[in-house]
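These notes concern the structure reproduced below.
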Amino acid sequence: MSNKSAKLEVADKNFDFPVLEGTLGPDVIDIRKLYGQTGRFTYDPGFTSTAACESALTYIDGEEGVLLHRGYPIGQLAEKSSFMEVSYLLLNGELPSKTELDDFTYTISRHTMLHEQLATFYRGFRRDAHPMAVMCGVVGALSAFYHDSTDITDPEQRKIASHRLIAKMPTIAAMAYKYTVGQPFMYPDNNLSYTGNFLKMTFGVPAEQYEVHPAIEKAMDRIFILHADHEQNASTSTVRLAGSSGANPFACIAAGIACLWGPAHGGANEAALNMLREIGTPDQIPHYIERAKDKNDPFRLMGFGHRVYKNYDPRATVMQETVREVFDALKVNDPVFEVALQLEEMALNDPYFIEKKLFPNVDFYSGVILSAIGFPTTMFTVLFALARTVGWVAQWNEMISDPEQKIGRPRQLYTGPTERNYVPMADRK
Ligand code: SDX
């Protein structure tokens, strides 16, 4: 708490509001009493200047392109850590000891199986259903199967539900993929790593042995780390708002998945690769850059721009390096990568993108890698949701444990009709 305050004059009256300081980043003006004292609301439709909560999980400095998870830079975590270790860090606040990590990993592995009845649930979908539609439905249905971990007032039930969600998302994602390609579901193999198990459930078949490719396992695990959490983005805010009403954790995560699906958010990785393939060759890039700058054209460069980053998204840097690693490991070279590299180069030297501080974000290169590994574009956002589940769960737990937590209920600027009387049908024009 600081002794700083912000002064506001409204209708010839002066008001003081406390200024709160965090450990990093901008101070905040505490306006919780603004309406009570001034009779006015603030107005911030896209929450561009609004801090909706206090959090100790993730810090982003958009101007400098910095991303910290519990204080650790994303570049160091991507290079030196693992998704299981980053998950433990996000949930518990500190890097685990060897024993703590082994125990956590073992616990997660014991929740990887789905209730067998849920396999029947998949058969209600059309085979050509988008895997994100399946993900929304199946995750929302988990509360019908795991109602013994839906009492959010019980810390033990919150813990079990958190572990179940983190553990079951790879199984649910792999089953969504298998269902669309008409292959049998693969059961989890707890002898493998979290990420190795996911690769086997996705690309393995009962008819033959599946060997996890170490370089692909490492790249996939790093991609999960890069997507784990990202402060109060749209889907995380959705999870928090749903959780603020007391909804069970499975319903809250299903709400987050639905929000992530949008092309302006997590759906951008699928849209970005589709865009790169549509551009096709480097000579077409100038035409698409001009379209992206044309206010009358709804086309935007997918995978470019960010509400917070006005510098290079540090995750995009790691992602670009990972493209080269995966291409070398698989001996592939998709020409779409060259289109991406040249598009980035041209955009970053274009006055429009420079002036608006538009840089590649996490979604710009991820699709190139996922496509090379063998995922269809429709699975890209499913993979984002798989990885972001630990962030959503950690943010949800933080909110539930916050003694100041209350139901989120924004107000509005009303611009509709003033009060008027009902008009009987006979009297209407
Ligand atoms: C993710 O919040 C998070 O942290 C999200 C995320 C996470 O990890 O959770 O990082 C993941 O969602 C990354 C973003 C993925 N989305 C895309 O790549 C879609 C393309 N990007 C844009 O739609 C846009 O940049 C947003 C949605 C990401 C950000 O939009 P903002 O902050 O609301 O900014 P804006 O739309 O007001 O844009 C500012 C200006 C506008 O021009 P003016 O109206 O001021 O003249 O920049 C322009 C925009 O038209 N602009 C773009 C552009 N992005 C913004 N112009 C062309 N191409 C783009 N990609």
Side-chain angles (χ1 to χ4, degrees), residues 25 44-52 55 57-63 65-69 74 78 86 90 223-240 256-276 279 285 287-319 340 343-344 346-348 350-368 380-381 383-392 394-395:
D44 186 11
F47 308 122
T48 52
S49 303
T50 295
S55 179
L57 281 164
T58 292
Y59 172 70
I60 302 171
D61 180 332
E63 295 304 322
V66 169
L67 169 56
L68 308 177
H69 289 316
I74 189 65
V86 170
L90 285 168
I223 288 172
F224 287 163
I225 291 172
L226 295 176
H227 287 85
D229 190 51
H230 211 241
E231 201 216 69
Q232 304 311 317
N233 58 83
S235 54
T236 296
S237 300
T238 300
V239 170
R240 279 180 171 261
I257 293 170
C259 177
L260 185 76
W261 196 359
H265 189 14
N269 53 16
E270 176 177 354
L273 188 69
N274 290 338
M275 173 193 74
L276 291 171
I279 293 171
I285 292 172
H287 167 65
Y288 281 86
I289 285 189
E290 288 315 306
R291 282 192 59 194
K293 293 156 61 174
D294 179 356
K295 284 288 158 243
N296 300 318
D297 187 334
F299 173 79
R300 285 193 167 179
L301 283 190
M302 301 315 282
F304 251 80
H306 198 277
R307 170 63 58 76
V308 177
Y309 289 121
K310 303 307 172 190
N311 200 324
Y312 216 96
D313 181 335
R315 302 168 296 175
T317 307
V318 179
M319 213 59 96
L343 173 57
E344 173 189 334
M346 280 188 210
L348 295 187
D350 183 288
Y352 172 94
F353 290 85
I354 294 169
E355 184 250 325
K356 294 184 187 300
K357 297 185 177 178
L358 302 173
F359 292 84
N361 59 51
V362 68
D363 294 312
F364 188 62
Y365 287 107
S366 59
V368 178
F380 292 0
T381 311
L383 300 174
F384 196 148
L386 187 168
R388 184 53 57 89
T389 293
V390 66
W392 288 332
Q395 298 267 356

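Whatever order the structure lists them in is the order used to number ligands and atoms, beginning at 1.
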For the pair I289 and Y352, evaluate side chain to side chain contact (heavy atoms under 4.5 Å, CB included) and give the outcome as yes or no after the intermediate values.
-> CA-CA 10 Å; I289 285 189; Y352 172 94; over 6 Å; no

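For the pair K357 and F359, the cation-pi test (distance below 6.0 Å, angle within 45°) is failed.
Sorted by chain then number, the residues whose non-hydrogen atoms approach ligand 1 to under 4.0 Å are H230, N233, P263, A264, H265, A268, A292, K295, R300, L301, M302, G303, F304, G305, H306, R307, R315, Y352, K356, L358, N361, D363, F384, R388.
For H230 and Y309, the ring centers sit closer than 6.0 Å to each other.
For K310, there are no salt bridge (charged side-chain N to carboxylate O under 4.0 Å, His left out) partners two or more places apart in sequence or in a different chain. Here D350 pairs with K293 under the salt bridge (charged side-chain N to carboxylate O under 4.0 Å, His left out) rule; sequence neighbours left out.
Within the structure, no pair that satisfies the salt bridge (charged side-chain N to carboxylate O under 4.0 Å, His left out) test touches residues 225-238, not counting sequence neighbours.
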